[in-house]
Amino acid sequence: MTQERVAPAERVDGEIDVPGDKSISHRALILGALARGRTYIGNASPAADVLATAACLRACGVWVRDFPPARYALDGNGVGRFGAPGNVLDCANSGTSMRLLAGVLAGNDFEAILDGDDSLRRRPMLRVVAPLRAMGAEVDASPDGTAPLRVHGSQVLKGLTWRSPVASAQVKSAILLAALSGDGPSTVVEPLPTRDHTERMLRMCGVNVDSDGAVVTVRPATLEPFGLRVPGDLSSAAFFLALAASRPGWRVRCPGVGLNPGRTGILSVLEAMGSHVMVDEGHPAGGVEPAGDVEVRGTRLHGVIISGALTVRCIDELPIIAVLASQAEGDTEIRDAGELRNKESDRIAMLETGLRLLGVSCESSAETLTIHGPVRLRAAHLDAGGDHRFAMAWAIAAALVPAGAGESVIEGADAAAVSYPGFFTDLATLLAS
Ligand code: S3P
């Protein structure tokens, strides 16, 4: 574990080119592996999570060649044509790797074990086990419903309609990927629409996907290989955009980031809090994923209520939104956010502990977090708790401590590499510019 010290920011005005989107990079590798022929991926995410997906695909006999820092070429085996791995497939910290690969493996006739680190072993997996079993795959989790997962799939699964009790793009994607091996169409119905990267990228591969927000249908299909330049990761940009939003006169621009409507909740929240958000939309990546330049200018902020579909659209950004809420006039209430307790850490509990150390008053219930602003933050000794989003959210909180009030320490800052290995270097560059 490494420690980082972060001093208060004096002024923020700059541009940050964030690395490629993690969610899209996972899917690009997986869909490339399911296609038949050569796929090229550019500007892929350097996230440790994405490296885990690439390693698992290689272990299943897929030829995946990386050209660091961000390009891949792969020769896909085709749907149902993976090879049995000789060892346990290590998904490390990555829920996306584990849940999406469980869906892919459900369509392959061999046994594989998916496992991960202590954090991943605590996360709920029955949400993918149940639908994949209903499709005819043999899938077992531990008695607690967690990893390791054993999957023994079949080249022909049963097409089905699945009503998911949770709004989860990982669950939806696992079912849609398994549905490629179905004996008929499969439909996923979600309680609220989630990011639709899998649907858009399946279309990019020539698959017919019907979608009406929260209801998605896929038929069994073969996939065409593709060339894709992954857009920048808006979830990584969110840390710098929130920093800019915190003070009148501060500004950050992030060019070429993904603008999938399932992910842009952070921009809606910043606008609702009073920030100036400018979006200049460009060409969609791969013809399917909206992308463009985003610039945020700081103003005086006010508290907001975040609930329902908006909570889902900014689920990964809620830690940094909660930090920013401490700088806003009035209360911010984050509702319908029980899923935060199932992420890489219990993010509601982590926020309560860390925000209090920074001098912020807040309270929570099972599904809700309320933050009372505005607060002059105090320098603190903060712990990332093995969760990448906190390594970064606490660093931004440290930069928001008033000038002269001292440095903060972030323990376990190396967790940032799970999604954004260069984060602390990019933050230092921004703060020095
Ligand atoms: C992701 C879906 C979300 C998100 C995660 C990435 C994806 O998880 O929090 O960081 O790429 O599909 P859930 O499906 O658990 O909501």
Side-chain angles (χ1 to χ4, degrees), residues 26-37 53 56-57 60-62 76-84 96-112 114 125-141 149-191 193-226 288:
H26 281 295
R27 288 159 172 83
L29 287 166
I30 291 172
L31 296 186
L34 289 172
R36 301 243 14 212
T53 287
C56 290
L57 292 172
C60 293
V62 183
N77 290 24
V79 174
R81 291 167 160 268
F82 282 19
T96 309
S97 308
M98 183 167 285
R99 296 191 179 116
L100 270 59
L101 289 173
V104 171
L105 292 169
N108 280 273
D109 186 5
F110 53 74
E111 180 168 300
L114 291 157
M125 291 297 151
L126 293 183
R127 51 182 65 193
V128 287
V129 171
L132 297 177
R133 274 190 187 158
M135 295 176 89
E138 265 179 48
V139 191
D140 299 309
L149 295 184
R150 185 186 69 88
V151 184
H152 193 140
S154 155
Q155 278 177 320
V156 184
L157 297 169
K158 289 195 274 288
L160 87 182
T161 294
W162 188 260
R163 290 179 189 279
S164 176
V166 279
S168 160
Q170 293 175 358
V171 171
K172 172 178 65 178
S173 300
I175 300 167
L176 297 181
L177 293 170
L180 297 170
S181 308
D183 60 2
S186 294
T187 299
V188 183
V189 184
E190 296 191 283
T194 58
R195 61 189 72 191
D196 63 351
H197 300 302
T198 304
E199 296 91 306
R200 287 170 187 265
M201 294 174 71
L202 280 171
R203 287 191 193 109
M204 177 182 77
C205 297
V207 178
N208 204 332
V209 182
D210 296 332
S211 166
D212 163 18
V215 183
V216 185
T217 301
V218 165
R219 287 167 190 76
T222 52
L223 275 64
E224 290 155 20
F226 54 91
V288 291

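Only this structure's heavy atoms are used, side chains among them; waters, hydrogens and symmetry mates stay out. On a predicted model such as this, the values are computed, not experimentally measured, just so you know.
Under the 3.5 Å distance criterion, with hydrogens and angles disregarded, a donor-acceptor pair is assigned to the side chains of Asp109 and His152. A donor and an acceptor atom, one from each side chain of Ser168 and Arg127, are nowhere located under 3.5 Å apart.
Checking side-chain atoms of Asp183 against main-chain N and O of Lys158 turns up no donor-acceptor pair under 3.5 Å.
The side-chain heavy atoms of Val218 and Glu199, taken from C-beta on, include no pair separated by under 4.5 Å. Here the side chains of Leu105 and Cys60 are in contact, with some heavy-atom distance below 4.5 Å. Counting heavy atoms from C-beta on, the side chains of Arg150 and Glu138 come closer than 4.5 Å. Put simply, the side chain of Leu31 reaches to within 4.5 Å of the side chain of Leu177, judged on heavy atoms.
Atom CG of residue Leu29 and atom CG of residue Leu101 lie 10.0 Å apart, to the nearest 0.5 angstrom. To the nearest 0.5 Å, atoms NE2 (His197) and CE (Met204) are separated by 12.0 Å. With values rounded to the nearest 0.5 angstrom, Leu180 atom CG is found 9.0 Å from Ser186 atom OG. Atom CG of Leu132 and atom CZ of Arg99 lie 11.5 Å apart (nearest 0.5 Å). With values rounded to the nearest 0.5 angstrom, Gln170 atom CD is found 11.5 Å from Ser164 atom OG.
Residues meeting the side-chain contact (heavy atoms from CB on, under 4.5 Å) test with Pro185, sequence neighbours left out: Thr217, Arg219. For Arg36, the side-chain contact (heavy atoms from CB on, under 4.5 Å) partners are Arg81, not counting sequence neighbours.
A pairwise comparison of heavy atoms in Gly80 and Asn108 identifies C-OD1, 3.1 Å as the closest pair. Between Ala141 and Leu149, the shortest heavy-atom distance links the atoms CB-CD2, 3.6 Å.
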Quiz prompt | Stepwise side chain to side chain contact (heavy atoms under 4.5 Å, CB included) check, Leu34 with Val104 | solution = CA-CA 8 Å; Leu34 289 172; Val104 171; 3.9 Å; yes

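Annotation for Arg163: atom CZ does not count as buried by contact number, only 12 or fewer foreign heavy atoms lying within 6.0 Å.
A side chain to side chain contact (heavy atoms under 4.5 Å, CB included) with Ile175 is found for exactly one of Val216, Val188, Thr198, namely Val188.
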